[in-house]
Amino acid sequence: MRRSKYEKPAPRASGGAKTSAMIASLAAPGQRTKPAPFGNALLELAKTRPDVVGLSADLAKYTDLHIFAQAHPDRFYQMGMAEQLLMSAAAGLAREGFTPIATTYAVFAARRAYDFICLAIAEENLNVKIACALPGLTTGYGPSHQATEDLAIFRGMPNLTILDPCDAHELEQIVPAMVEHQGPVYLRLLRGNVPLVLDEYGYTFEWGKAKTIHDGGDVLIVSTGLMTMRALEVAQELRDDRIDVAVLHVPTIKPLDEETILREVGRGGRLVVVAENHSVVGGLGEAVAGLLLRTGTVPPGYRQIGLPDEFLDAGALPTLHERYGISTQAMARSIRGWL
């Protein structure tokens with residue numbers, strides 16, 4: 001394996017090393033953010049975990065792994081533009097007792113490297129952590145980079161834990177928990193200047209657990225990833241219409257916290273809305289629907305907010321999120337209409 005040549009070290013900043021200036025932030029104007037929470041959390045963890053190594057397929061700078069690479073060049077491997085080689089090398093390192101963190105874009109892991117992840121990593125239940133940027137609609141570059149179907153692709157893979165964090169606060173907690181967990185993990189990575197939201201709610205990530213972050217008696221939004229941030233904004237907006245919205249955050253897509261979901265849906269009387277930054281096909285929405293059907297749990301209504309089953313356009317993210325119904329305003333309009 002060939003070690004990479006690195007860019008000049010990024011300057012230090014309050015709250016940690018900076019991310020690439022070329023990465024557009026998901027944050028709204030004026031929203032609190034943290035730079036590169038994944039890279040900085042991994043850098044901190046590496047101080048006490050010499051087994052942790054990093055690998056990338058020419059995308060370290062765009063997954064915030066460059067922060068780890070610059071500090072630990074002897075523990076970082078640049079595998080070139082070949083995701084199948086990236087996953088195979090990570091599997092080999094795991095067999096030798098290392099804990100590899102393999103980063104790329106979600107489309108490349110899901111579409112190009114699926115068979116290598118399945119047979120080399122998941123079937124052998126190896127301790128590889130696959131952290132993938134640009135999940136769902138988090139880039140405006142068009143369908144070649146928009147991983148709108150990654151959950152549908154990976155949910156059927158045995159042994160693979162799937163995580164979808166909401167913000168920088170949760171991502172910082174997920175990194176050490178992911179490394180501590182024994183077995184393969186797929187992380188939908190938020191990169192760059194990542195919004196800070198959940199710290200305001202006293203939230204703490206727990207492995208495999210869904211948590212109610214905001215309570216309400218009219219609507220239950222079951223959400224994951226950045227859509228939990230949007231769901232919390234919707235809850236505030238709909239208060240002016242005297243609509244009480246509960247938000248159940250589900251950061252672990254697989255295995256699903258069925259007990260908590262059934263308990264919250266079973267409280268009764270509330271429209272259930274599943275919101276995700278993913279296609280309406282094969283993601284959290286269908287996972288929750290299947291759970292409710294299997295257990296005979298029937299809410300007053302069940303709706304999905306997600307991306308359509310089509311190849312999406314390129315453009316500015318705020319425009320695309322509004323067009324495809326996952327902006328805060330679009331979500332609020334949909335819920336008002338359903339009620």
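Side-chain atoms are counted along with the backbone in the values below, which use heavy atoms only and exclude waters and symmetry mates.
- Between Ser144 and Arg111, the closest heavy-atom pair is O-NH1, 3.9 Å.
- Looking only at side-chain heavy atoms (C-beta outward), Glu276 and Leu151 come within less than 4.5 Å of each other.
- For Thr148 and Ser279, the side-chain atoms include no donor-acceptor pair closer than 3.5 Å.
- Inspection of the Gln173 and His169 side chains reveals an N or O donor paired with an N or O acceptor under 3.5 Å.
- Remark: Asp218 CG to Ile243 CD1 distance equals 7.0 Å, nearest 0.5 Å.
- Here the side chains of Pro299 and Leu292 are in contact, with some heavy-atom distance below 4.5 Å.
- With a 4.5 Å cut-off on side-chain heavy atoms, Pro143 and Leu312 do not count as touching.
- Side chains of Ile101 and Val179 form a contact here, defined as non-hydrogen atoms less than 4.5 Å apart.
- When all heavy atoms of Pro37 and Leu171 are compared, the pair lying nearest together is CG-CD2, 3.9 Å.
- Residues Met331 and Trp338 fall within the same hydrophobic cluster, defined by Ile, Leu, Val, Met, Phe, Trp and Tyr side chains chained together at heavy-atom separations under 4.5 Å.
- Within the 4.5 Å cutoff, the side chain of Val222 has no heavy atoms near those of the Glu264 side chain.
- Under a hydrophobic clustering in which Ile, Leu, Val, Met, Phe, Trp and Tyr are joined whenever their side-chain heavy atoms come within less than 4.5 Å, directly or via other members, Leu256 and Leu262 fall into the same cluster.
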Between Thr252 and Asp257, does a side-chain contact (heavy atoms from CB on, under 4.5 Å) hold up when you go through it step by step?
CA-CA 7 Å; Thr252 307; Asp257 185 358; over 6 Å; no
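- Of the charged side-chain nitrogens involved, at least one lies within less than 4.0 Å of a carboxylate oxygen, so that Arg294 and Glu258 count as a salt-bridged pair.
- With a 4.5 Å cut-off on side-chain heavy atoms, Met87 and Ile121 count as touching.
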Test log, rule side-chain contact (heavy atoms from CB on, under 4.5 Å), inputs Gln146 and Thr139:
CA-CA 6 Å; Gln146 295 164 349; Thr139 179; 4.0 Å; yes
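- The backbone N or O of Val245 sits less than 3.5 Å from a side-chain atom of His214, completing a donor-acceptor pair.
- Between the side chain of Asp167 and the backbone N or O of Leu196, no donor-acceptor pair lies under 3.5 Å.
- Aromatic ring pairs are classed by plane angle as parallel below 30°, tilted from 30° to 60° and perpendicular above 60°; the pair His145 and Tyr141 is perpendicular.
- Closest non-hydrogen pair, Gln31 versus Val197, comes out as NE2-CG2, 3.8 Å.
- Look at Arg49 and Glu180 and you find a salt bridge, because one of the NZ, NE, NH1 or NH2 atoms lies within 4.0 Å of a carboxylate O, short of that distance.
- Checked by atom type and distance alone, the side chain of Asn127 never pairs as donor or acceptor with a backbone atom of Thr99 at under 3.5 Å.
- With Arg112 contributing its side chain and Gln84 its backbone, the two residues share no donor-acceptor pair below 3.5 Å.
- In this structure, the side chain of Lys129 engages the main chain of Gly183 through a donor-acceptor pair within 3.5 Å.
- Placement of Val272 and Val298 in two distinct hydrophobic clusters is found when ILVMFWY residues are connected by side-chain heavy-atom separations under 4.5 Å, directly or transitively.
- The local environment of CD in Glu259 is sparse, with at most 12 non-hydrogen atoms from other residues, nucleotides or ligands closer than 6.0 Å.
- Asn277 places no side-chain N or O within 3.5 Å of a backbone atom of Met227 that could act as its donor or acceptor partner.
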Dump the intermediate steps for side-chain contact (heavy atoms from CB on, under 4.5 Å) on Leu187 and Phe38, then the final yes or no.
CA-CA 11 Å; Leu187 170 67; Phe38 170 75; 4.2 Å; yes
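- Note on Leu339 and Leu238: same hydrophobic cluster, where clusters join Ile, Leu, Val, Met, Phe, Trp and Tyr whose side-chain heavy atoms are under 4.5 Å apart, directly or indirectly.
- Remark: side-chain polar atoms of Asn40 are paired, donor with acceptor, to backbone N or O of Pro35 under 3.5 angstrom.
- Crowding of Phe98 atom CZ: a count of heavy atoms from other residues, nucleotides or ligands under 6.0 Å not exceeding 12.
- Of all heavy-atom pairs spanning Ile130 and Ala109, the tightest one is CG2-CB, 4.5 Å.
- A distance-only check finds no donor-acceptor pair linking the side chain of Lys209 to the backbone of Thr260 [under 3.5 Å].
- For Asp309, the CG atom sits in a loose shell: 12 or fewer heavy atoms of surrounding residues, nucleotides or ligands are nearer than 6.0 Å.
- Taking CD of Gln182 as the reference point, atom CG of Leu126 lies at 11.0 Å (rounded to 0.5 Å).
- Ring geometry, Tyr186 versus Phe154: the interplanar angle falls from 30° to 60°, so the pair is classed tilted.
- Side-chain atoms of Gln304 come within 3.5 Å of backbone N or O of Val280 as a donor-acceptor pair.
- Taking both residues in full, the closest heavy atoms of Arg230 and His321 are given as NH1-ND1, 3.1 Å, listed atom of the first, atom of the second, then distance.
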Hey, mind stepping through His278 and Thr224 against side-chain contact (heavy atoms from CB on, under 4.5 Å) and telling me if it holds?
CA-CA 10 Å; His278 184 271; Thr224 188; over 6 Å; no
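- To the nearest 0.5 Å, the span separating CG on Leu284 from CG on Asp164 amounts to 8.5 Å.
- Using a 4.0 Å cut-off between charged side-chain N and carboxylate O, Arg155 and Glu286 make no salt bridge.
- With a 4.5 Å cut-off on side-chain heavy atoms, Glu172 and Glu44 do not count as touching.
- Interatomic distance, Asp313 CG to Thr319 OG1, rounded to the nearest 0.5 Å: 11.0 Å.
- Taken to the nearest 0.5 Å, the CD atom of Glu83 stands 11.0 Å off from the OH atom of Tyr105.
- The shortest side-chain heavy-atom distance between Arg75 and Phe68 falls under the 4.5 Å cut-off.
- Tested against Cys132 for a side chain to side chain contact (heavy atoms under 4.5 Å, CB included), the candidates Leu59, Thr103, Thr104, Leu189 yield a single pass: Thr104.
- The two atoms that bring His249 and Thr228 nearest to each other are ND1-OG1, 2.6 Å, heavy atoms only.
- Separation of atoms NZ (Lys61) and OG1 (Thr63) is listed at 12.0 Å; rounding is to 0.5 Å.
- A salt bridge is defined here as a Lys NZ or Arg NE, NH1 or NH2 lying under 4.0 Å from an Asp or Glu carboxylate O, and Asp215 with Arg267 meets this definition.
- Ile153 is not connected to Val281 by any chain of hydrophobic side-chain contacts under 4.5 Å among Ile, Leu, Val, Met, Phe, Trp and Tyr, and they are in different clusters.
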